[in-house]
Amino acid sequence: MERIARGRRGRSARKRKGGGSPNITRPTPAINDLWYKNAVIYCLSVATFMDSNGDGIGDFEGLMRRLDYLHGLGITAIWLMPFQTSPGSDDGYDISDYYGVNPAFGTLGDFVEFTHGARQRGIRVIIDLVVNHTSIQHKWFQEARRDPQSRYRDWYIWSEKKPPNANEGMVFPGVQKSTWSYDQEARMWYFHRFYDFQPDLNTTNPHVQAEILKIMGFWIQLGVSGFRMDAVPFVISTKGAQVRKPVEQYDMLRSLRAFLQWRVGDSIILAEANVLPETDMEYFGRDGDRMHMMFNFQVNQNLFYALASSDSRPLAKALAATMHRPDTAQWGLFLRNHDELDLGRLTEEQRQLVFRCFGPDESMQLYGRGIRRRLAPMLNGDRRQIELAYSLMFTLPGTPVLRYGDELAMGDDLNLPERNCARTPMQWSAEPHGGFTRADKPVVPVISEGPYGYQHVNAAEQRRDPGSMLNWTERIIRMRKEVPEVGWGDFDILSTRDPAVLIMRYDWRNNSVLFVHNLSDTPREVAFATGLEGREGRLLVNLLTEYHSRAGRDGKHRLLLEGYGYRWFRVGGLEYLLNRSDIETPPRG
Ligand code: GLC
Ligand code: CA
């Protein structure tokens with residue numbers, strides 16, 4: 001029997017054409033404690049979370065004092081954005097020393113205190129690994145440009161002449177002019193996939209590769225549980241003036257993992273790789289021997305299209321296309337992150353629809369392909385649709401990754417350039433600057449005007465209000481932890497006549513859960529069969545409210561969903577835990 005990825009193919013997956021099925025067997029007995037399979041990851045930047053010493057910049061001391069807040073929210077892992085020494089021209093994604101903490105944020109000592117404080121509360125920490133490029137100020141680049149004999153010369157990518165394709169392949173079109181710039185000191189051209197102050201490392205150079213391992217080893221030793229690896233397709237691509245079409249060297253991923261697994265067995269890599277589903281298995285590895293996790297960009301873009309169009313079908317297609325993966329691998333499921341919402345993989349027509357709905361003004365769009373706003377303003381602050389979006393994020397196959405402030409439905413500041421609009425400080429209270437800092441002027445301004453100003457949107461106030469977004473998020477996280485089927489199980493998309501309604505069922509170890517989402521703003525009535533024979537499928541226990549569902553005589557459930565309504569059900573009675581098996585069970589239904 002085919003036991004690839006996470007098991008059998010769902011109804012919609014069967015429609016999928018081609019897509020070779022890698023021959024992977026489920027490890028028996030399964031490892032039960034792969035923590036990342038069912039984590040709740042919270043992404044934050046130390047610079048904008050909490051300022052403890054009043055200099056207007058967030059720091060580790062401040063972050064530490066907020067660990068109890070995060071613990072209370074129920075998250076199980078923090079993804080910490082770059083905090084190493086950096087001139088900060090790309091919000092820290094331009095590192096000038098991989099082995100030090102940016103002095104504005106604290107010391108290495110503070111960092112270790114922080115990871116320790118997190119661990120005491122059962123929270124793991126993963127950090128960004130930004131090794132596609134360094135800052136132009138990194139001493140490796142400084143030496144490389146100065147001295148052709150330097151050992152660092154070959155750590156970067158040079159060309160005597162301006163390469164013919166210098167004006168192609170920019171990641172930030174419109175802002176970034178080229179991918180090659182002339183360096184006066186070296187009298188050569190250097191390659192930079194991103195901004196010109198981010199020279200690409202020559203990642204095929206074995207010395208560079210050894211250094212990358214050293215960087216990983218260093219932070220692992222200081223208590224992190226792994227890495228969110230930046231720009232992975234570019235890290236592993238061939239680079240150089242001669243390269244017409246970059247080719248990915250996938251085997252590099254294997255050695256990164258092998259090293260990590262040897263040093264600390266339960267540490268992971270979460271890859272940022274916005275790639276087509278056809279290449280997913282190259283990143284995960286057919287034997288599950290490469291990346292542990294990847295962000296699911298395919299589902300992300302189609303999810304926003306589904307929200308904009310009230311049509312679940314392209315989303316179902318994206319779910320089917322990304323269904324296959326090794327048992328030990330996991331998707332990172334997200335709505336918004338610190339970058340623009342990249343819609344580059346949608347069709348032109350689909351993209352324009354999402355623009356019209358969620359970012360109609362040109363000032364809200366970026367790089368010709370995305371929307372730079374935060375989630376709440378994109379959805380017009382409509383609480384029903386915001387809940388729907390999060391309910392989807394928490395119940396689609398994978399591990400949810402939240403962004404700081406989204407638990408408060410924080411807004412954005414479109415006066416700030418590029419992606420900075422969605423990177424404003426956390427809004428803690430109605431005190432000056434939202435309680436983020438005692439400084440007169442924070443380095444990044446706190447949102448202080450309009451409906452998203454800290455006076456109206458802040459954690460202190462929402463904590464007191466049982467119906468707030470904050471308390472909703474806390475409750476949904478609590479429930480998400482009690483449905484491990486989502487992270488571990490196999491899923492099926494159940495058919496309905498109404499494309500606005502998405503129904504999914506997950507099965508795992510004799511237990512099943514079922515989720516219903518109405519993507520449209522009008523009420524919908526749906527009838528569906530759970531696909532499970534026998535008595536069990538006749539009762540659906542509602543996990544969020546009181547309205548359970550009993551199947552009619554024909555075995556079908558009938559639900560009336562309000563606009564943007566969602567339901568979380570457990571199939572069968574609440575004695576499910578007694579039925580749960582300790583080992584994998586044959587497919588249900
Ligand atoms: C990734 C990051 C982005 C950064 C870029 C360059 O795409 O998410 O924020 O600008 O890499 O490091
Ligand atoms: Ca500070």
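Predicted, not measured: the structure shown is a model, and the values here were computed from it. Along the sequence shown, residues are numbered consecutively beginning with 1. Just follow the structure's listing: the first ligand is 1, and inside any ligand the first atom is 1.
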[X]-[Y] side chain donor-acceptor pair, cut-off 3.5 Å:
{"X": "Gln137", "Y": "Ser135", "value": "no"}
{"X": "Tyr152", "Y": "His138", "value": "no"}
{"X": "Arg351", "Y": "Gln301", "value": "no"}

For [atom], what's the nearest protein heavy atom and its distance?
{"atom": "atom 7 (O) of ligand 1", "answer": "Glu272 OE2, 3.0 Å"}
{"atom": "atom 5 (C) of ligand 1", "answer": "Phe194 CE2, 3.6 Å"}
{"atom": "atom 9 (O) of ligand 1", "answer": "Asp339 OD1, 2.7 Å"}
{"atom": "atom 10 (O) of ligand 1", "answer": "Asp90 OD2, 2.6 Å"}
{"atom": "atom 12 (O) of ligand 1", "answer": "Asp230 OD2, 2.8 Å"}

Between [X] and [Y], does the ring centre distance come in under 6.0 Å?
{"X": "Trp140", "Y": "Tyr98", "value": "yes"}
{"X": "Phe111", "Y": "Trp219", "value": "yes"}
{"X": "Tyr156", "Y": "Tyr190", "value": "no"}

Distance filter under 4.0 Å to [X] heavy atoms, resulting ligand 1 atoms:
{"X": "His133", "result": "6 (C), 12 (O)"}
{"X": "Arg423", "result": "9 (O)"}
{"X": "Arg419", "result": "3 (C), 4 (C), 9 (O), 10 (O)"}

Taking a cutoff of less than 4.0 Å between a non-hydrogen atom of the residue and any ligand atom, is [X] in contact with ligand 1?
{"X": "Phe172", "result": "yes"}
{"X": "Met81", "result": "no"}
{"X": "Glu418", "result": "no"}

Quiz item: Do the side chain of Thr179 and the main chain of Glu168 share a donor and acceptor less than 3.5 angstrom apart?
Solution: yes
Self-check item: N/O donor-acceptor pair under 3.5 Å between Arg121 side chain and Leu70 backbone
Solution: no
Quiz prompt | Candidate list Val224, Ile220, Thr115, test side chain to side chain contact (heavy atoms under 4.5 Å, CB included), partner Ile127, passing option | solution = Val224
Exercise. Start with the C-alpha gap between His133 and Phe141, add the side-chain angles, then the distance that decides, and say whether ring pair (Phe, Tyr, Trp, His ring centres under 6.0 Å) holds.
Key: CA-CA 10 Å; His133 45 264; Phe141 188 77; over 10 Å; no
Quiz item: With a cut-off of 3.0 Å, how many protein N, O or S atoms neighbour the Ca ion (ligand 2)?
Solution: 5
Practice problem: List for me each residue that meets side-chain hydrogen bond (donor to acceptor under 3.5 Å, both in side chains) alongside Tyr454, sequence neighbours excluded, and say none if there are none. | Solution: none
